[in-house]
Amino acid sequence: MTILDLKNVSIDFPTSAGVVHAVTNVSLSVGKGRRVGFIGESGSGKTTTALSAMRMLASPGFVAGGEIHLNSLPQSNLLKLGAEEMRRVRLSKISYIPQGAMNSLNPVMRVENQIWDGIVAHEGGVPQDELRRRSDAALASVGLDPKVVAPLYPHELSGGMKQRVCIAIGVCLNPDLIIADEPTSALDVITQRHVMQTLRDVQAKIGAGLILIGHDMGLMAQSVDEIAVLKKGELVEFGPVRQIIETPEHPYTKELISSVPQVGGASFLDPAPAAPARGDAADNGQPLLELRAVSKRYGSVTALHPMSFTLDGEVPKIISIVGQSGSGKSTMGSLMLGFNDPSSGAVLFKGRDINRQSADEALSFRKEVQAVFQDPYACFNPFYRVNHALKFPFERFGLSRNAAHTREAMEEACRAVGLAPETVLGRYPHQLSGGQRQRLIVARALMLSPKLLIADEPVSMVDASLRATILKNIHDLKDRHGISIIYITHDLATAYHVSDYVMVLHKGHVVEAGPPREVIGDPRHAYTQLLISSIPWPDLDRDWGSSDDARAALDRLEQLEGRPETILRGDIPGFTLSQG
Amino acid sequence: MTEPNAAAPETAAPDATGLSKRQVRRMKRFDNPWRNPKLIWGVGLLLGIIALGLLGRIFWDTDMVFTGSGLPRQAPVGIENMRGQVGSWAHPLGTDVTGKDILALLIVGAPNSLYVGVLASLIGMSIGIFLGFSAGFIGGRIDDVIRVGSDVMITIPPLLILVVFQAAYGDISLTIMAILIACFVWQSPTRLIRAQVLSMRESGYVQMARLSGASTGHIMFREMLPNLVPYLFGSFIANVTTSIVTAVGLEVLGLGPQRVPTLGRVIYDAINSGALIQNLWWWWGVPTLLLAVMFIGLLLINLGLDEVSNPRLRRL
């Protein structure tokens with residue numbers, strides 16, 4: 001018994017440059033009570049396909065061909081319904097859980113009123129007691145205490161709670177099909193596990209079909225029964241989750257699965273060259289980078305508690321700073337770049353305080369310390385061709401001998417990160433994909449040959465299949481070009497493979513630090529253990545646990561807040577760390 | 001090492017099959033956003049007014065703006081006035097009660113009105129760019145002063161101050177009037193630019209520029225300013241409209257320049273000399289029409305620029 005059937009669905013977007021075929025000839029069915037995952041990269045048509053079932057395609061998109069049947073309707077073809085009939089279907093038959101819960105709830109309405117809205121819109125006047133009873137039941141079904149949460153406004157809730165409120169709205173009318181569009185992409189892994197399990201539980205309880213849209217193979221493996229892999233608007237593979245993950249047939253599916261790095265799995269990096277490039281020791285015997293009891297406070301909030309470390313650049317290293325949002329890891333990055341002044345302590349580069357430099361010293365510091373930022377879309381000025389981002393610093397730091405030399409250096413750097421110069425140079429940023437842009441930023445860092453590179457979440461906004469490539473590029477900077485790297489990330493698996501030393505940050509404290517094989521391979525601190533057990537692995541036999549586990553984990557986290565302790569798990573030469 | 005260009009654009013390529021000729025033609029038009037019909041019409045109307053001023057000076061005798069250049073109260077060509085005189089080609093748009101030629105007044109007056117508007121707006125924008133960048137980029141105490149200052153100035157009705165000022169000083173030149181008006185049109189560009197600079201300051205490419213060792217001047221004028229151009233254009237055109245409205249308002253009250261013909265001045269004279277009672281409609285009607293054309297032109301330019309800078313507003 002299937003609940004939703006897509007038959008040869010094609011979706012077109014007429015644009016000023018011609019018609020974009022966003023989805024071509026997709027056929028699949030969602031069984032009653034089954035969970036189907038739509039996986040693919042950005043632009044692959046996964047959201048568009050799912051939204052076509054709600055007839056909510058963004059203008060000017062339209063279903064150009066095929067049929068969409070919702071089998072619980074007397075007249076099942078959704079495309080033949082009138083606007084008013086379709087309105088009745090939305091939420092009551094097919095509900096939608098949006099990506100960014102923070103933007104989807106009305107900030108001036110109490111949570112319970114927002115649930116009542118949907119009920120009243122579909123059932124007309126319902127007595128107040130009845131409304132309250134049903135909203136309380138909906139909130140309770142997603143694990144929120146209705147007495148506490150119902151009268152609150154959205155800004156009083158955490159991100160995970162807001163997402164669960166969105167789920168409560170989505171299930172309050174017992175729909176036959178739930179479409180969840182990357183419902184956890186804005187949440188950290190610990191909350192993600194809890195929200196996904198809540199969604200799974202409530203879906204199983206009301207017996208609805210679920211379409212989960214996402215790009216994370218691990219999350220899919222832990223959450224769905226069947227997977228549909230989409231690429232450029234075409235369904236390349238569709239089947240039960242075990243079959244897709246264990247014996248993928250299409251090369252694209254294989255690529256997607258292999259691009260998820262696993263702790264302890266095979267490394268995706270090239271083996272290190274026998275004689276790695278040497279960094280250089282600072283001329284005056286000072287360490288390359290030193291933090292002396294650095295802390296940062298924003299008003300009454302302490303983003304980073306006092307910590308110290310020294311990194312001597314003699315042998316280039318990759319130091320990973322791992323933590324969830326709000327752990328203070330990005331604050332550390334901006335302190336090391338000199339974009340922020342520390343509240344106490346000092347950041348020293350080659351023995352000089354970077355916040356007390358003359359203009360000349362500041363310029364040479366800039367030349368030697370470069371960064372790769374998270375968002376490759378924002379890093380290029382839309383007004384200029386991409387060459388500007390590469391050429392300007394090269395000339396500004398006096399590295400360029402003449403125009404031809406600059407050109408040559410740009411082309412060489414592009415080739416070093418695996419881009420063909422003629423296809424990227426001379427283009428405008430919007431003409432390039434996210435992956436191409438991020439590799440250009442790595443190429444830019446390479447051209448300047450800094451001593452230290454701060455990579456702040458360099459791959460978190462890049463499609464999964466390209467992450468490994470970009471990390472390889474960054475890793476090459478260390479091995480081939482002798483650049484020490486501070487790698488800031490929330491992704492433990494990549495940190496495991498890439499780094500020489502890992503520190504795990506939680507609420508501005510270093511909770512565990514040491515070589516990755518110890519810290520991530522065999523975590524001792526409760527927080528690190530929790531992080532690792534919350535990661536959704538693309539491995540069906542490594543279960544995520546139940547929602548009770550997830551809730552217990554969150555409670556444990558609450559208890560941890562009070563007593564930060566640092567577990568040091570061994571040292572590596574050239575790097576020393578101390579808290580305080 | 002992977003093969004180059006592994007990161008090809010992800011989405012399927014558009015194709016133009018199955019579209020009607022008309023749709024294809026309309027799509028083509030969007031290849032160059034500047035070929036926007038609203039923008040072209042708006043610019044055309046304004047250029048028409050400028051052309052009237054330039055060509056008029058060549059092909060028409062502008063000395064006829066003086067009193068007694070022709071018979072008084074002549075109607076436009078082919079129309080009879082209250083005395084039964086039919087208008088002639090000597091004064092195609094008629095004359096006023098003192099015998100000034102209306103066409104000559106328009107040829108001299110319309111560019112003057114436009115000049116006041118453009119000059120006032122240019123000065124206001126320059127102040128706005130300077131203050132907006134200072135407030136947004138430097139921040140702190142300077143930001144507080146500029147923000148409070150511009151907010152306070154926005155609440156003061158400009159006409160009130162201008163009326164008092166002009167009544168006290170009497171006759172002033174066009175340029176002085178433009179400068180006076182400029183004192184009241186810098187606030188909104190200041191706020192607009194401040195807001196944009198604040199959000200842009202944290203953007204990735206500004207951070208990248210800082211990493212590249214760029215100077216503050218470079219970041220402000222080479223990285224940020226080019227991206228503000230659409231906003232600046234829009235704000236400029238809106239300011240020209242406000243300035244002309246203010247200038248005409250003052251002139252119609254008789255507080256503008258006394259010796260230079262402007263459109264507002266012509267309307268003031270008409271009202272003052274009883275043109276409405278005497279049914280000399282061409283005296284006040286034609287300059288009003290010209291002002292309307294000017295405002296419609298400016299409005300169309302503004303709408304057109306909106307569409308150029310915001311592709312979502314474009315319709316297929």
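Lettering of chains follows the sequences in order, A, B, ..., and the numbering in each one begins at 1.
Remark: aromatic rings of A:F349 and A:F365 are close, center separation under 6.0 Å.
Here the CE-CZ distance, from A:M410 to A:R444, works out to 13.0 Å after rounding to the nearest 0.5 Å.
Among the candidates B:I129, B:L131, B:N239, the single residue satisfying the side-chain contact (heavy atoms from CB on, under 4.5 Å) test with B:W186 is B:L131. Exactly one residue among A:I483, A:L446, A:V369 makes a side-chain contact (heavy atoms from CB on, under 4.5 Å) with A:L453. That residue is A:I483.
Residue A:Y384 touches chain B through its side chain alone, counting heavy-atom pairs closer than 4.5 Å. Only the side chain of A:F397 comes within less than 4.5 Å of a heavy atom in chain B; its backbone stays farther off. For A:N381, the parts sitting under 4.5 Å from any heavy atom of chain B are the backbone and the side chain alike. Of the two parts of A:L448, neither the backbone nor the side chain holds a non-hydrogen atom closer than 4.5 Å to a non-hydrogen atom of chain B. For A:L432, no part lies under 4.5 angstrom from a heavy atom of chain B.
Per-residue counts of heavy-atom pairs under 4.5 Å with chain B were compared for A:A378, A:C414, A:A362; the largest is that of A:A378. In terms of heavy-atom pairs under 4.5 Å with chain B, the best-connected choice from A:A371, A:G233, A:P429, A:A359 is A:A371.
Side-chain atoms of A:R385 never come within 3.5 Å of backbone atoms of A:R427 as a donor-acceptor pair (strictly under, hydrogens ignored).
Remark: B:R191 engages B:D151 in a salt bridge, criterion side-chain N to carboxylate O under 4.0 Å.
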